[in-house]
**Student:** 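This is the structure, below, for whatever I ask next.
Convention: sequence-line order gives letters A, B, ...; per-chain numbering from 1. All values derive from a computational prediction rather than experimental measurement.
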Protein chains: 2
Amino acid sequence: MADGGALPKAQITRRLILEAAASLFRQKGYAEVSLREIAQLAGVKTGSLYYHFESKESLVEEILTLGTQGAFEASRDAVAALGAAADPVDKLEAAFTAHARFLLEKEDFASANLKILPQVPPAIRERHVRQDREYATFVAAIIDEIADAGRLGPDVDRTLLRMLCFGALNWSISWFDPKGRSPSEIAAQLMILIRRGALASPS
Amino acid sequence: MADGGALPKAQITRRLILEAAASLFRQKGYAEVSLREIAQLAGVKTGSLYYHFESKESLVEEILTLGTQGAFEASRDAVAALGAAADPVDKLEAAFTAHARFLLEKEDFASANLKILPQVPPAIRERHVRQDREYATFVAAIIDEIADAGRLGPDVDRTLLRMLCFGALNWSISWFDPKGRSPSEIAAQLMILIRRGALASPS
DNA sequence: GTCTATACTCAGATAGAC
DNA sequence: GTCTATCTGAGTATAGAC
């Protein structure tokens with residue numbers, strides 16, 4: 001038998017390195033993590049990293065890509081599952097819930113992302129912001145759907161709304177506790193705010 | 001004349017160093033900034049830093065303290081200005097507006113704070129989280145006031161509400177543009193969400 | 001592909017002159 | 001108080017054996 005279906009053996013180590021790096025970056029930030037540490041956690045020696053990656057920078061760049069793409073895909077899939085004709089507010093809820101879950105319970109790539117993006121060398125950051133923009137456009141389109149149906153409050157700024165919501169969700173990695181509220185509950189609480197505010201009767 | 005009222009001359013340099021450090025930390029993060037850079041921006045030589053601070057860690061610790069205390073005081077003063085009998089929802093708005101303004105337009109201490117806190121050595125972080133908790137307690141009390149008046153929606157989680165709101169505001173340092181929406185407008189938009197949600201009529 | 005060993009760079013911190 | 005000069009350690013990265 002050929003290796004049909006089997007993992008390209010060489011890539012297993014590569015993946016191990018990526019996961020070790022993502023986990024450490026998430027905990028400690030970019031500059032605080034040394035290649036020695038990454039190598040140790042991945043179970044290889046420091047020099048070996050350079051067979052798989054050109055530099056620390058190229059390693060972190062791949063992690064950023066995996067994180068953003070993962071969150072975007074999770075979000076897009078969740079929305080697609082509702083069907084195009086679904087209530088756009090429900091689409092928003094699906095997107096935010098998927099985002100929160102990917103961010104908080106899936107893997108380290110997405111949370112490493114948020115943590116290290118501001119610390120990473122500018123050239124890398126710029127390239128990455130472009131990927132992130134695609135994701136933002138996707139969510140903006142859902143909000144446009146809501147607005148086009150005349151269902152957005154008159155003094156609501158669409159961009160600001162999107163920014164505040166993503167901020168609320170993204171910031172949760174700094175206080176999230178696996179033993180407390182679940183990612184879905186967090187997203188649900190945000191949707192309460194959107195759907196009818198926090199007050200019992202509007203003031 | 002004695003030096004009555006004059007700045008304790010020795011402390012001017014100290015303040016210069018703190019401001020230089022805060023500005024650099026805010027832009028680049030904790031580990032990415034060297035003491036040499038800080039010294040240069042402050043207009044002194046590297047060795048001189050050690051006359052004023054024991055270590056890089058003690059320097060960053062003081063910045064964290066200045067940032068959190070500043071935001072807390074700005075917030076508390078704004079609320080106090082309304083008087084104790086004011087509508088608690090208005091108090092919340094005053095607190096969030098002051099927070100956003102301090103964060104986005106005042107100085108570098110508060111924004112440096114949010115950027116570097118996750119990167120700083122654990123011992124320092126723990127000490128600092130304690131200060132931050134006082135601020136959180138203050139805002140939590142306002143939310144309790146609202147709830148005690150029976151004005152909070154039935155399925156609203158007070159803690160989650162506070163976390164999401166601070167997240168939305170704090171995250172804004174990553175996208176804030178001085179030429180775009182002002183800090184007050186950002187806080188106002190958040191208050192719209194709280195007061196009656198983003199939708200024209202609740203769904 | 002992965003190892004060992006090491007070159008090179010730059011960080012934080014210190015000592016002592018002024 | 002601030003300077004110059006320097007120490008020590010750690011980090012990224014490379015070379016070459018296996």
Side-chain angles (χ1 to χ4, degrees), chain A residues 3 6-64 112 115-116 119-125, chain B residues 3 6-64 112 115-116 119-125:
Chain A
D3 63 355
L7 258 184
K9 183 92 180 339
Q11 302 298 56
I12 296 180
T13 307
R14 184 186 164 85
R15 181 75 191 184
L16 244 52
I17 294 169
L18 281 168
E19 281 167 6
S23 169
L24 289 168
F25 282 147
R26 171 199 181 163
Q27 292 170 58
K28 321 201 337 184
Y30 178 65
E32 286 80 0
V33 173
S34 70
L35 293 179
R36 294 189 219 286
E37 265 181 294
I38 296 173
Q40 197 184 6
L41 184 60
V44 298
K45 299 298 177 183
T46 313
S48 312
L49 297 180
Y50 286 85
Y51 175 80
H52 300 279
F53 300 94
E54 263 194 347
S55 64
K56 189 183 181 183
E57 298 194 358
S58 78
L59 171 56
V60 81
E61 189 157 7
E62 184 149 343
I63 288 177
L64 290 174
K115 174 101 168 215
I116 63 186
Q119 307 169 36
V120 126
I124 296 184
R125 190 164 54 239
Chain B
D3 62 354
L7 259 183
K9 181 91 183 335
Q11 303 298 53
I12 296 181
T13 307
R14 186 187 163 84
R15 181 72 192 186
L16 245 51
I17 294 169
L18 282 168
E19 279 167 7
S23 169
L24 290 168
F25 283 148
R26 171 198 181 165
Q27 292 170 57
K28 321 199 342 183
Y30 177 65
E32 286 80 0
V33 173
S34 70
L35 292 180
R36 288 168 168 71
E37 265 181 295
I38 295 173
Q40 196 182 6
L41 184 60
V44 298
K45 298 298 177 183
T46 313
S48 311
L49 297 181
Y50 286 86
Y51 175 79
H52 300 279
F53 300 94
E54 263 194 348
S55 64
K56 189 183 181 183
E57 298 194 358
S58 78
L59 172 56
V60 80
E61 189 156 7
E62 184 150 343
I63 288 176
L64 291 174
K115 175 102 167 215
I116 63 186
Q119 308 168 35
V120 127
I124 296 184
R125 191 162 55 242

**Student:** Report the distance from atom CG of B:Leu49 to atom P of C:dT14, rounded to the nearest whole Å.
**Tutor:**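 Taking CG of B:Leu49 and P of C:dT14, I get 12 Å after rounding.
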**Student:** Just by distance, do the side chain of B:Gln119 and the backbone of A:Gly29 share a donor-acceptor pair under 3.5 Å?
**Tutor:**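 Judged by distance alone, no pair lies under 3.5 Å.
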**Student:** So, for B:Ile63 and B:Ala22, which heavy atoms are closest and what is the spacing to 0.1 Å?
**Tutor:**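 Looking at all heavy atoms of both residues, the shortest contact is CD1-N, 3.6 Å.
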**Student:** To check you understand the geometry: which heavy-atom pair defines the closest contact between A:Lys28 and A:Glu37, and what is its length?
**Tutor:**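 Shortest heavy-atom contact: NZ-OE2, 2.6 Å.
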**Student:** If you compare all heavy atoms of A:Tyr50 against all heavy atoms of A:Ser55, which two are closest, and at what distance to 0.1 Å?
**Tutor:**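 Closest approach of A:Tyr50 to A:Ser55, heavy atoms only: CE2-CA, 4.2 Å.
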**Student:** To the nearest 0.5 Å, tell me how far A:Glu32 CD sits from B:Glu32 CD.
**Tutor:**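 Interatomic distance, A:Glu32 CD to B:Glu32 CD, rounded to 0.5 Å: 6.0 Å.
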**Student:** Rounded to the Å, how far apart are A:His52 NE2 and C:dT2 C1'?
**Tutor:**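 Those two atoms, NE2 and C1', are 8 Å apart.
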**Student:** Check DNA chain C against residues 15-28 of chain B and give the residues with a non-hydrogen atom under 4.0 Å, in numerical order.
**Tutor:**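 Those residues: none at all.
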**Student:** Starting at CD1 of A:Ile12 and ending at C1' of C:dG1, how long is that distance when rounded to a whole Å?
**Tutor:**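 Result: 13 Å.
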**Student:** Is B:Gln27 atom CD crowded by more than 12 heavy atoms from other residues, nucleotides or ligands, each under 6.0 Å away?
**Tutor:**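 Yes, CD of B:Gln27 has more than 12 neighbouring heavy atoms, counting only those of other groups under 6.0 Å.
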**Student:** In degrees rounded to 10°, what angle is found between the helical axes fit to the five outermost pairs at each end of the helix from C:dG1-D:dC18 to C:dC18-D:dG1?
**Tutor:**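 If I round to tens, the end axes sit 0° apart.
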**Student:** Check whether the side chains of B:Ser58 and B:Glu62 place a donor and an acceptor atom closer than 3.5 Å, and report yes or no.
**Tutor:**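 B:Glu62 and B:Ser58 do not have a side-chain donor-acceptor pair below 3.5 Å.
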**Student:** For C:dT2, does OP1 or OP2 lie under 4.0 Å from any side-chain N or O of A:Tyr51?
**Tutor:**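 Checking A:Tyr51 against C:dT2: no side-chain N or O falls below 4.0 Å of OP1 or OP2.
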**Student:** Just compare C:dT2, C:dC3, D:dT4 and give me whichever is closest to any side-chain atom of A:Lys45.
**Tutor:**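 Side chain of A:Lys45 sits closest to C:dC3.
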**Student:** Specify the separation, in whole Å, of atom CD of B:Gln11 and atom C1' of D:dT2.
**Tutor:**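 So the two atoms are 15 Å apart, to the nearest Å.
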**Student:** So, is B:Ser48 near the phosphate of D:dC3, with a side-chain N or O under 4.0 Å from OP1 or OP2?
**Tutor:**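 The answer is yes; a side-chain N or O of B:Ser48 sits under 4.0 Å from OP1 or OP2.
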**Student:** Sugar-phosphate means primed atoms, P, OP1 and OP2; the rest is base. With that split, encode nucleotides 12-18 of chain D 5' to 3' as B, S or - using protein heavy atoms under 4.0 Å.
**Tutor:** BBB----
**Student:** A:Phe53 has an atom CZ; how far is it from atom C1' of C:dT2, in whole Å?
**Tutor:**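 Atom-to-atom, A:Phe53 to C:dT2, this comes out as 15 Å.
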**Student:** Which heavy atom in B:Phe25 sits nearest to a heavy atom in B:Lys115, and how many Å separate them?
**Tutor:**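 Smallest interatomic distance, heavy atoms only, reads O-CG, 3.8 Å.
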**Student:** Please report the distance, rounded to the nearest Å, between OH in A:Tyr30 and P in D:dG11.
**Tutor:**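 Atom OH in A:Tyr30 sits about 14 Å away from atom P in D:dG11.
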**Student:** Identify the two heavy atoms, one from B:His52 and one from B:Thr13, that lie closest to each other, and give their separation to 0.1 Å.
**Tutor:**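 Shortest heavy-atom separation between B:His52 and B:Thr13 comes out as NE2-CG2, 3.7 Å.
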**Student:** In whole angstroms, how far is the P atom of D:dG11 from the CG atom of A:Leu59?
**Tutor:**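 Whole-Å distance recorded here is 16 Å.
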**Student:** Which pair of non-hydrogen atoms, one from B:Leu35 and one from B:Leu49, has the smallest distance, and what is that distance?
**Tutor:**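 In terms of heavy atoms, the two residues are closest at O-CD1, 3.5 Å.
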**Student:** Are side-chain heavy atoms of A:Ile38 and A:Leu59 found at a separation under 4.5 Å?
**Tutor:**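 Touching, per the 4.5 Å side-chain cut-off.
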